[in-house]
Amino acid sequence: KKYFPIRKGIIGQRKSVVKAVDGVSFTINKGETLGLVGESGCGKSTTGRLLMRLLEPTEGQIIFEGNDLLKLSKVEMRSMRKNFQMVFQDPYASLNPRMKIKEIINEPLVIHGYDKEKREKRVRELLDIVGLSAAHGERYPHEFSGGQRQRIGIARALAISPKLIIADEPVSALDVSIQSQILNLLKDLQKEFNLTYLFISHNLSVVEHISDRVGVMYLGKIVEIADQENLYKNPLHPYTKSLLSAVPIPDPKVKRERIILKGDIPNPTNPPEGCTFHTRCPFASEICKETPPTLRKVSDKQYVSCHLV
Ligand code: SF4
């Protein structure tokens, strides 16, 4: 859980809380990609930042290879950190404009104590892995296109051989043709280095392309989680169905019935009682307004949080 207090007034009395992540629980298996989708403000990026411990959870556990990250000391956490890295949406904002690319990729290697010779070799290796040359290392971030900058972001993330990569909207700022290049690069790297990904995106087509399993978030909760095939062919939660109905099908003969949701996503400081989706759900009944549904197993590979299912 992650609740952000909202304070008001000169002395900052506590007013209310935003429940950005409210009881989210999932597992990511080694070597797989878990996609996390939902509208902006649903808590998916906060979830990613919690896993990285860039934010401290209000409550809960983060278990990585049997270790509860929240119970580790600062020193233990520092050595654990090399196992997970983040790739951000806006590669330009995450690259220091005053540093050469080779210096940017070198930075995590310095922090983790690699010697000079090993660092130089590793930087060359990383540039090659992401499809850039040693000459690119001598340039500055502004000399690159968006796709190349994301390759640099990926090279930096891979520098210390992490096991888990949390990619937060890594292709959202890129043109469609470049998006597929970066997605294919991520897939190739996953195969080559046995990487595990948490792939966060609002774009269901992108998530379908890369994920083994997909979790759908709404107002800080996971409302459906399933393997990729079940989620896209047989979505069960009304919210998942509505999101998928908006995804264009690349076949002019196939028509999909569009489910238009009523209104906007509710204010997270004052979420609706019962099922938080009931204010927009076309199937809402009395029970939905009073009793929150729980995430239930409906088959080996699919979990849904809805009274109707
Ligand atoms: Fe809709 Fe009710 Fe299911 Fe919530 S529990 S998604 S309101 S049918």
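Whatever order the structure lists ligands and atoms in, that order sets their numbers, starting from 1. We count residues from 1, following the sequence as given.
Set against the non-hydrogen atoms of C281, the atoms of ligand 1 under 4.0 Å away are 1 (Fe), 6 (S), 7 (S), 8 (S). Distances below 4.0 Å separate heavy atoms of L308 from the following atoms of ligand 1: 8 (S). With ligand atoms numbered from 1 in the order given, ligand 1 contributes 6 (S) to contacts under 4.0 Å with heavy atoms of P238. For ligand 1, the atoms closer than 4.0 angstrom to any heavy atom of C288 are 2 (Fe), 5 (S), 7 (S), 8 (S). Against a heavy-atom cut-off of under 4.0 Å, C306 is close to the following atoms of ligand 1: 3 (Fe), 5 (S), 6 (S), 8 (S). Atoms of ligand 1 found under 4.0 Å from any heavy atom of F277 (numbered from 1 in listed order, with element): 6 (S).
Residue C275 touches ligand 1 through its side chain alone, judged by heavy-atom distances below 4.0 Å.
Below 30°, between 30° and 60°, or above 60°: for F277 and Y218 the angle between ring planes is above 60°, a perpendicular geometry.
Within the coordination shell of atom 3 (Fe) of ligand 1, defined by N, O or S atoms under 2.8 Å, H237 is absent. Residue H307 does not count as close to atom 2 (Fe) of ligand 1, with no N, O or S atom under 2.8 Å.
Without hydrogens or angle criteria, D115 side chain to K118 main chain gives a donor-acceptor distance under 3.5 Å. The closest donor-acceptor contact from the side chain of H112 to the backbone of I160 lies at 3.5 Å or more, if one exists at all. A side-chain donor-acceptor contact under 3.5 Å links R213 to the backbone of T27. With E169 contributing its side chain and F88 its backbone, the two residues share no donor-acceptor pair below 3.5 Å. Checked by atom type and distance alone, the side chain of N67 never pairs as donor or acceptor with a backbone atom of L69 at under 3.5 Å.
The two residues S172 and Q89 make their nearest non-hydrogen contact at CB-NE2, 3.7 Å.
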